[in-house]
2 protein chains.
Amino acid sequence: MRIQLQPKMVHADASNFADGLTKEQAYQQVLDQAEGLFYGQRNWVCNLSNAASLLWHAYKALPSPSNRVNWAGFYTLDPLSSPTSPSLILAPFQGKVACQTIPFGRGVCGAAAATAQTQLVTDVDAFPGHIACDSESKSEIVVPIVVGGEKRRVVGVIDVDCAEKNGFDETDRVWLEKLAELIANGCDWPF
Amino acid sequence: MRIQLQPKMVHADASNFADGLTKEQAYQQVLDQAEGLFYGQRNWVCNLSNAASLLWHAYKALPSPSNRVNWAGFYTLDPLSSPTSPSLILAPFQGKVACQTIPFGRGVCGAAAATAQTQLVTDVDAFPGHIACDSESKSEIVVPIVVGGEKRRVVGVIDVDCAEKNGFDETDRVWLEKLAELIANGCDWPF
């Protein structure tokens with residue numbers, strides 16, 4: 001099901017997800033709306049801000065465990081960190097206040113950034129070095145945002161936390177990796 | 001009542017506002033927590049992301065009409081807009097997807113940016129040129145973020161929408177202007 005942007009719809013309607021959507025349909029709406037919003041707009045702060053809103057409202061419209069998502073947003077490369085010891089820094093999100101900087105390699109976000117591989121963690125308490133920004137978070141998925149052709153580099157990660165264990169599965173991985181690719185190609189990255 | 005940051009508290013706790021706070025107490029907590037979070041961290045995207053979260057959760061803890069706030073966040077100077085015809089661009093927020101760019105002078109946000117004066121609008125439908133990102137929004141307050149000494153300039157605005165008319169009053173103005181000053185001085189602005 002593709003949901004088309006209506007010429008006269010106000011922007012907030014993009015965050016309205018119908019009841020009864022499957023997870024695939026909700027993610028498809030996120031992708032379609034993100035694609036529409038990114039059209040002609042490559043500012044990364046603007047686009048990540050709207051993408052975090054789309055994700056948050058998609059999860060809230062789905063049944064458990066997806067509606068138990070308690071944080072959805074982004075970390076990006078900290079421009080003040082050194083290339084030999086890079087860190088992530090907090091970027092737009094929806095949810096409660098979060099940790100500000102995360103060294104590559106530390107915790108779930110740091111692992112995704114260091115390896116450029118999605119981290120799907122069914123139980124964060126069992127993940128070595130997990131950073132507990134919020135003790136309510138029980139599971140997490142982090143998807144790297146990778147740009148570049150020959151010289152690929154991680155510019156950030158999509159990070160989603162859930163207040164239940166096993167909050168994410170392979171469907172989340174597949175669709176969030178599609179979103180990461182759309183974001184990677186749809187923004188100008190200054191770092 | 002000043003609420004101190006506890007050394008071991010996880011960051012998410014900063015977004016937890018007790019029941020029964022007055023609006024002044026909730027804003028005081030926002031300011032205290034923002035000051036703590038900004039300490040040693042001047043990245044504007046990081047700081048605005050956390051500030052939007054603090055504001056959102058403060059409003060949700062308050063009685064009506066404050067808890068009917070349906071959007072809280074920021075617009076900043078669009079670095080791609082020309083100095084002679086500046087625009088705002090969407091920055092971190094909590095709430096539904098929002099309009100991406102707003103020319104200085106257009107709508108409530110544009111008026112605040114162009115005049116460097118807070119706009120407290122009790123009924124957005126009566127405001128000339130109001131931009132309806134969300135038809136649910138009925139009242140709005142927009143506070144300019146102004147930096148610089150002799151050569152003062154607007155780098156962005158705090159924007160809060162409410163789903164009820166008369167959602168904001170002079171208390172909101174006073175406290176949001178304090179927050180705008182803290183943000184102006186607490187971040188490095190690249191534009």
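All heavy atoms count here, side chains included; hydrogens, waters and symmetry mates do not. The sequence lines fix the lettering, A, B, ..., with proteins before strands; numbering per chain opens at 1.
Using modelled atom types and a 3.5 Å distance limit, the side chains of A/Thr122 and A/Ser139 yield no donor-acceptor pair.
Proximity to chain B at a heavy-atom threshold of 4.5 Å picks out nothing from residues 169-191 of chain A. Interface residues of residues 74-90 of chain A toward chain B, defined by a heavy-atom distance below 4.5 Å and sorted by number: A/Pro79, A/Ile89, A/Leu90.
Rounded to the nearest 0.5 angstrom, A/Ser53 OG and A/Leu37 CG are separated by 9.0 Å.
Inter-residue side-chain proximity for A/Tyr59 and A/Leu55 is flagged as met; some heavy-atom pair is nearer than 4.5 Å. At least one side-chain heavy atom of A/Phe93 sits under 4.5 Å from a side-chain heavy atom of B/Asn50. Between A/Gln33 and B/Val97 the shortest side-chain heavy-atom distance does not fall below 4.5 Å. Annotation: side chain of B/Val147 is not in contact with side chain of B/Arg152 (no heavy-atom distance under 4.5 Å). Annotation: side chain of B/Trp71 is not in contact with side chain of B/Glu140 (no heavy-atom distance under 4.5 Å). Within the 4.5 Å cutoff, the side chain of A/Cys162 has no heavy atoms near those of the A/Lys138 side chain. In this structure, B/Ile131 and B/Ile102 have side chains that are in contact, with non-hydrogen atoms separated by less than 4.5 Å.
Interface residue B/Asn16: only side-chain heavy atoms are found under 4.5 Å from chain A. Neither the backbone nor the side chain of A/Ser137 comes within less than 4.5 Å of any heavy atom of chain B. Using a 4.5 Å cut-off between heavy atoms, B/Gln41 contacts chain A through its side chain alone, with no backbone atom that close.
For the set A/Ala52, A/Gly95, A/Gly73, A/Ala91, the count of heavy-atom pairs under 4.5 angstrom toward chain B peaks at A/Gly95.
One finds a salt bridge joining B/Arg68 and B/Glu164 here, because a Lys/Arg side-chain nitrogen approaches an Asp/Glu carboxylate oxygen to under 4.0 Å.
By the criterion of side-chain heavy atoms lying less than 4.5 angstrom apart, applied directly or through intervening Ile, Leu, Val, Met, Phe, Trp or Tyr residues, A/Val108 is grouped together with A/Leu120 in one hydrophobic cluster.
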